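Below: the structure, in structure tokens.
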Amino acid sequence: MSSSERLVSSLKRLLKQQGVTYALVATAIDLSEASVKRCFAQNDFSLARLEAIAALVDVDLLELARVAEAD
């Protein structure tokens, strides 16, 4: 698994643990839910978008990287 796949996988796990749905993510970052699902399915995020989603679960990118490394 690549580093980016591990980051996204860890982010998905954190979102699920905190009950944050793709619909909530979509609203928070001003995208459609389908676009959010596509981003997660394709592991295709800008750094700004990844950072904004991570902020929804109160982690920054460095912390997300640490979580991914530990997973």
Side-chain angles (χ1 to χ4, degrees):
M1 183 180 291
S2 72
S3 297
S4 61
E5 289 171 333
R6 290 186 355 216
L7 282 173
V8 173
S9 177
S10 295
L11 181 56
K12 285 166 67 172
R13 185 178 54 77
L14 291 171
L15 290 168
K16 186 174 183 174
Q17 284 176 346
Q18 294 191 23
V20 179
T21 64
Y22 286 160
L24 292 172
V25 172
T27 299
I29 63 172
D30 199 30
L31 283 179
S32 69
E33 186 175 352
S35 292
V36 170
K37 287 179 182 180
R38 190 175 316 106
C39 288
F40 276 97
Q42 297 174 350
N43 293 322
D44 185 23
F45 296 92
S46 67
L47 283 176
R49 192 166 283 158
L50 190 62
E51 188 172 37
I53 296 169
L56 295 174
V57 290
D58 295 321
V59 297
D60 61 21
L61 291 181
L62 292 175
E63 179 66 20
L64 180 59
R66 287 185 197 106
V67 169
E69 184 66 27
D71 285 347

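Predicted model only: the values in this text are computed from it and were never measured. Side-chain atoms are counted along with the backbone in the values below, which use heavy atoms only and exclude waters and symmetry mates.
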Item checked: Nearest heavy atoms of A68 and S10, plus distance in Å -> CA-OG, 3.1 Å
Checklist line | Distance, nearest 0.5 Å, that separates CG of N43 from OG of S3 | finding: 11.5 Å
Margin query: Once rounded to the nearest 0.5 Å, what's the spacing between atom CD1 of I53 and atom CG of L31?
Written below: 7.5 Å
Next item on the list: Kindly give the heavy-atom pair with the smallest separation between L7 and A65, and that separation in Å.
Entry: CD2-CA, 3.6 Å
Note to self: Could you go through V20 and L14, starting from their C-alpha distance and side-chain angles, then the distance that decides it, and tell me whether this counts as side-chain contact (heavy atoms from CB on, under 4.5 Å)?
What the structure shows: CA-CA 8 Å; V20 179; L14 291 171; over 6 Å; no
Checklist line | Partners passing ring-ring contact (aromatic ring centres under 6.0 Å, His included) against F40 (at least two apart in sequence or in another chain) | finding: Y22, F45
Note to self: Just to verify, what does S32 make a side-chain hydrogen bond (donor to acceptor under 3.5 Å, both in side chains) with, not counting sequence neighbours?
What the structure shows: S35
Margin query: Within this structure, what is the CG-CG distance for the pair L11 and L56, rounded to the nearest 0.5 Å?
Written below: 8.5 Å
Notebook entry, point to check: To the nearest 0.5 Å, how far apart are OG1 in T21 and CG in L15?
Noted result: 9.0 Å
Next item on the list: Write out all pairs satisfying ring-ring contact (aromatic ring centres under 6.0 Å, His included) with one or both partners inside residues 51-71, taking only residues at least two apart or from two chains.
Entry: none
Checklist line | Set of side-chain hydrogen bond (donor to acceptor under 3.5 Å, both in side chains) partners for S9, sequence neighbours left out | finding: none
Next item on the list: Return the set of residues passing side chain to side chain contact (heavy atoms under 4.5 Å, CB included) with S4 (not counting sequence neighbours), or none when no residue passes.
Entry: S2
Note to self: According to salt bridge (Lys or Arg N to Asp or Glu O under 4.0 Å), does anything in residues 35-62 pair up with another residue at least two apart or in another chain? List the pairs.
What the structure shows: E33-K37
Margin query: Does anything in residues 5-22 form a salt bridge (Lys or Arg N to Asp or Glu O under 4.0 Å)? List the pairs, not counting sequence neighbours.
Written below: R6-E69, R13-D71
Item checked: Whichever hydrophobic residues join L62 through chains of side-chain contacts under 4.5 Å -> none
